[in-house]
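Inspection log for the structure reproduced underneath, given as structure tokens.
Convention: sequence-line order gives letters A, B, ...; per-chain numbering from 1.
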Protein chains: 2
Amino acid sequence: MNFSKTTGYSLTILTYMVNHSGENVSADFLHSKLGIPYQYLRQILTKLSKTGFIVSSRGRKGGFELTRDVSTIYIADIIGAIEGLEGFNTCILGFQECPFNNKCSIHNILDEPRANILKILKQTSLEDLIIK
Amino acid sequence: MNFSKTTGYSLTILTYMVNHSGENVSADFLHSKLGIPYQYLRQILTKLSKTGFIVSSRGRKGGFELTRDVSTIYIADIIGAIEGLEGFNTCILGFQECPFNNKCSIHNILDEPRANILKILKQTSLEDLIIK
DNA sequence: ATTAAATGCTATAAGGAGGTATCATTTATG
DNA sequence: CATAAATGATACCTCCTTATAGCATTTAAT
Ligand code: SF4
Ligand code: SF4
């Protein structure tokens, strides 16, 4: 029912970075701060780098940095890049082809609250997560 | 983000049965009606039987039947028996121990809508799913 | 009695998610 | 220049979910 652990890690990393804006942080540093398994963290940072949410610099003093305007990075974008947003658009019960023409009882009661969550995720940017 | 496929299958089976109340249906029949892989369907029916949502009868003309009062079987009960409801009570981001004292930004924006979904699932019984 | 139709039970396999380990490459510092 | 500190890339392992297969047992129909 919740997000994948990888998505959780990704969000934690990015929300940490947006609250420590401007700092160039290394994987080792983030590991010590966030407790995410080091090697796995490395993979996620690479992915976040390849998907353009952060930029990396190699070598000594290297690390990762947020560069894009954080008011334009929405939570839904991040989730979309990591685990995809298909879960919000496809059958809640996991069917490839809906046997009930999108009108089964479960659909009726859960479609709206699920859409509501997606709406929130699309409206909330990293900037909104800055602790003031 | 959504439920496990097994949970989806379970809900589909039970909502089918409640809408065809009184009928004793076989795994083969349900397979032809719902398209759930036969052997997997068998396992799920056994589980639903062991968890008391349905009762089985063996031999020719055997099959499965709803016997409990369907107004007392809530969707949340079914989900709880199949995949558990932990997902609704634990960290949305997948952490075992919350590093942020239950107050990170994601928690703030998603806790309430998630609780709302659980509330709906706890209030909706199989009887409510009967097509009138 | 025999057969057909059904569930009970259990072993196995494929696939993805989460996690670990290692080597290669880049770059700042002494 | 040599070293240390960092990322890039890749291979591997484990566990869980989903799915498949087969044998054993029960029961109704013939
Ligand atoms: S109607 Fe039911 S089965 Fe069909 S897509 Fe919606 S939740 Fe899935
Ligand atoms: S505050 Fe954040 S990290 Fe902590 S339990 Fe809530 S969602 Fe998880």
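- Among residues two or more places apart in sequence or in another chain, the ring pair (Phe, Tyr, Trp, His ring centres under 6.0 Å) test is passed with A:Tyr16 by A:His20.
- With sequence neighbours excluded, the residues satisfying side chain to side chain contact (heavy atoms under 4.5 Å, CB included) with A:Leu85 are A:Ala76, A:Ile79, A:Phe88, A:Leu118.
- Taking OG from A:Ser125 and CG from A:Asp128, the interatomic distance works out to 3.5 Å, rounded to the nearest 0.5 Å.
- Side chain of B:Thr51 to main chain of B:Lys47: a donor-acceptor pair is present (N/O by atom type, distance under 3.5 Å, no hydrogens or angles).
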B/S/- contact track for nucleotides 12-22 of chain D, protein heavy atom under 4.0 Å: ------BBBBB

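- Protein chain B touches strand DNA chain C; the 5'-most and 3'-most nucleotides with an atom under 4.0 angstrom of its non-hydrogen atoms are C:dA4 to C:dA11.
- By the 4.5 Å heavy-atom criterion applied to side chains, A:Thr6 and A:Tyr40 are counted as neighbours.
- Closest to the side chain of A:Phe64, from the set D:dT7, D:dT3, D:dA28, is D:dT7.
- Side-chain atoms of B:Ile54 and B:Ile13, non-hydrogen and from C-beta on, never get closer than 4.5 Å to each other.
- Panel note: side chain B:Asn24, backbone B:Glu65; no donor-acceptor pair is recorded below 3.5 Å.
- You'll find the side chain of A:Phe3 stays beyond 4.5 Å of the side chain of B:Ile106, heavy atoms only.
- Checking side-chain atoms of B:Asn19 against main-chain N and O of B:Thr15 turns up a donor-acceptor pair under 3.5 Å.
- A 4.5 Å side-chain heavy-atom check between A:His107 and A:Lys103 finds every atom pair outside the cut-off.
- Residues from residues 45-59 of chain A that place a heavy atom under 4.0 Å from any atom of DNA chain D, listed by number: A:Thr46, A:Lys50, A:Ser56, A:Ser57, A:Arg58, A:Gly59.
- Each end of the helix from C:dA1-D:dT30 to C:dG30-D:dC1 gets its own rotation axis from five pairs of C1' atoms, and the angle between them is 10° to the nearest 10 degrees.
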Using side-chain hydrogen bond (donor to acceptor under 3.5 Å, both in side chains), reason through A:Ser4 and A:Tyr9 one step at a time and then give a plain yes or no. CA-CA 9 Å; A:Ser4 74; A:Tyr9 288 155; over 6 Å; no

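- Distance alone, capped at 3.5 Å, is enough to place a donor-acceptor pair between the A:Arg114 side chain and the A:Gly87 backbone.
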